[in-house]
Amino acid sequence: MTKKTANDNKSFKQGDFIVYPAHGVGQVTGVEKDTVAGFDIEVYVVTFEQDKMTLRVPTAKADVSGMRPLSSDRIVKDAMKTLKGKAQVKRTMWSRRAQEYEAKINSGDLIMIAEVVRDLHRAEDQPEQSYSERQLYESALDRMVRELAAVENIEHDKAREMLSVSLAKKAA
């Protein structure tokens with residue numbers, strides 16, 4: 001019976017969309033019992049359609065792993081506001097900044113991801129990005145698009161367009 005109470009504090013149901021920090025938006029396709037090293041555990045089965053991947057997260061460890069429900073409307077609004085802000089690029093070596101950006105992307109925090117998108121976004125009249133900058137930018141943008149699309153229940157293209165509009169307002 002103790003397993004149920006561990007699951008009650010933040011139970012995800014089949015069909016729920018969630019955010020897993022290292023992989024972005026996924027969908028809970030079920031809750032199953034598995035036997036690992038002789039122990040019976042309950043796991044969330046989470047699929048990430050875009051990566052063609054399935055993850056099994058022990059229900060008792062969902063909180064510790066950072067697995068969370070989709071962002072609230074308020075957080076989405078704050079993230080969109082963050083996009084319109086002025087880029088805050090530190091004057092440190094690129095390798096150090098790249099590590100910080102990677103950590104923000106993998107945090108799963110929508111506002112931190114928005115900061116990466118804002119800081120690495122280049123307008124048409126700005127110099128070209130390096131390959132690694134472009135990779136980090138695309139990774140952060142993709143995470144934001146997927147969560148925005150899931151929260152707003154819209155197509156990915158429409159979500160990408162919404163982000164582009166916000167980024168364009170930043171330049172103006």
Side-chain angles (χ1 to χ4, degrees), residues 12 16-29 44 46-57 61-172:
F12 297 102
D16 286 355
F17 283 95
I18 57 93
V19 176
Y20 194 83
H23 303 294
V25 177
Q27 188 172 23
V28 177
T29 55
Y44 291 117
V46 182
T47 57
F48 297 88
E49 199 61 43
Q50 68 280 357
D51 299 327
K52 304 210 179 342
M53 178 179 76
T54 301
L55 191 64
R56 302 173 94 69
V57 182
K61 301 279 188 207
D63 277 347
V64 179
S65 71
M67 191 166 127
R68 65 170 175 81
L70 293 175
S71 296
S72 67
D73 289 341
R74 188 183 58 76
I75 291 175
V76 170
K77 278 190 183 83
D78 288 350
M80 296 300 271
K81 198 181 299 172
T82 299
L83 288 179
K84 295 174 189 169
K86 186 172 174 6
Q88 310 206 338
V89 180
K90 296 182 183 140
R91 294 286 165 219
T92 55
M93 290 180 64
W94 166 246
S95 60
R96 180 82 185 112
R97 283 196 329 253
Q99 285 177 333
E100 288 173 12
Y101 289 144
E102 191 76 46
K104 283 183 174 187
I105 292 168
N106 288 330
S107 73
D109 182 316
L110 191 61
I111 293 174
M112 286 181 151
I113 295 169
E115 290 171 2
V116 175
V117 171
R118 176 198 66 202
D119 293 352
L120 293 178
H121 174 72
R122 294 279 187 274
E124 298 295 318
D125 60 345
Q126 290 179 307
E128 194 63 31
Q129 289 175 313
S130 71
Y131 177 77
S132 56
E133 270 183 312
R134 199 166 45 255
Q135 291 297 102
L136 282 170
Y137 173 74
E138 287 297 328
S139 175
L141 186 64
D142 185 54
R143 288 274 177 93
M144 251 192 111
V145 164
R146 284 192 256 163
E147 187 159 359
L148 183 63
V151 168
E152 300 288 335
N153 199 16
I154 55 176
E155 294 292 318
H156 285 77
D157 293 342
K158 184 93 176 114
R160 189 175 285 270
E161 199 176 297
M162 285 173 67
L163 294 179
S164 295
V165 167
S166 285
L167 287 166
K169 286 181 181 171
K170 169 187 131 173

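Residues: numbered from 1 along the sequence shown.
Between A62 and V57, the shortest heavy-atom contact is CA-CG1, 4.0 Å. Scanning both residues, A79 and A114, for their nearest heavy atoms gives O-CB, 3.6 Å. V19 approaches G108 most closely through the heavy-atom pair CG1-O, 4.0 Å. Nearest approach of P21 to R143, heavy atoms of both residues: O-NH1, 3.0 Å. Considering all non-hydrogen atoms of both residues, W94 and S132 come closest at NE1-OG, 2.9 Å. Nearest heavy atoms, L136 versus L120: CB-CD1, 3.7 Å.
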| message | Run L55 and Y20 through side chain to side chain contact (heavy atoms under 4.5 Å, CB included) and show every step you take. | response | CA-CA 10 Å; L55 191 64; Y20 194 83; 3.7 Å; yes

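Taking CG from L167 and CE from M80, the interatomic distance works out to 8.0 Å, rounded to the nearest 0.5 Å. Rounding to the nearest 0.5 Å places CG of L148 at 11.0 Å from CZ of R160. Here the straight-line distance linking atom OH of Y101 with atom CG of N106 works out to 15.0 Å at 0.5 Å rounding. Summarising the geometry, atom CG belonging to D119 is positioned 10.0 Å from atom NZ belonging to K86; distances are rounded to the nearest 0.5 Å. Atom NZ of K158 and atom CG of N153 lie 13.0 Å apart (nearest 0.5 Å). Interatomic distance, OG of S166 versus CZ of R118, reported as 13.0 Å (0.5 Å rounding).
Every residue meeting the salt bridge (charged side-chain N to carboxylate O under 4.0 Å, His left out) condition with D142, not counting sequence neighbours, appears here in chain and number order: R146. With sequence neighbours excluded, the residues forming a salt bridge (charged side-chain N to carboxylate O under 4.0 Å, His left out) with R134 are E128, listed by chain and number. Applying the salt bridge (charged side-chain N to carboxylate O under 4.0 Å, His left out) test to R74 and every residue at least two apart in sequence or in another chain returns D78. Looking at residues two or more places apart in sequence or on another chain, you find a side-chain contact (heavy atoms from CB on, under 4.5 Å) between F17 and V25, Q27, L70. K90 is linked by a salt bridge (charged side-chain N to carboxylate O under 4.0 Å, His left out) to E100, counting only residues two or more places apart in sequence or in another chain.
Legend: salt bridge (Lys or Arg N to Asp or Glu O under 4.0 Å) pairs involving residues 106-115, not counting sequence neighbours, sorted by first then second residue: K104-E115.
A tilted orientation is assigned to the rings of H23 and F48, their planes being inclined by 30° to 60°. Taking the six-membered ring for Trp and thresholds of 30 and 60 degrees, Y137 and H121 have ring planes inclined between 30 and 60 degrees apart.
Here the rule is side-chain contact (heavy atoms from CB on, under 4.5 Å) with E147, and of I75, V76, L110 only L110 fits it.
The closest side-chain heavy-atom distance from L163 to L141 is below 4.5 Å.
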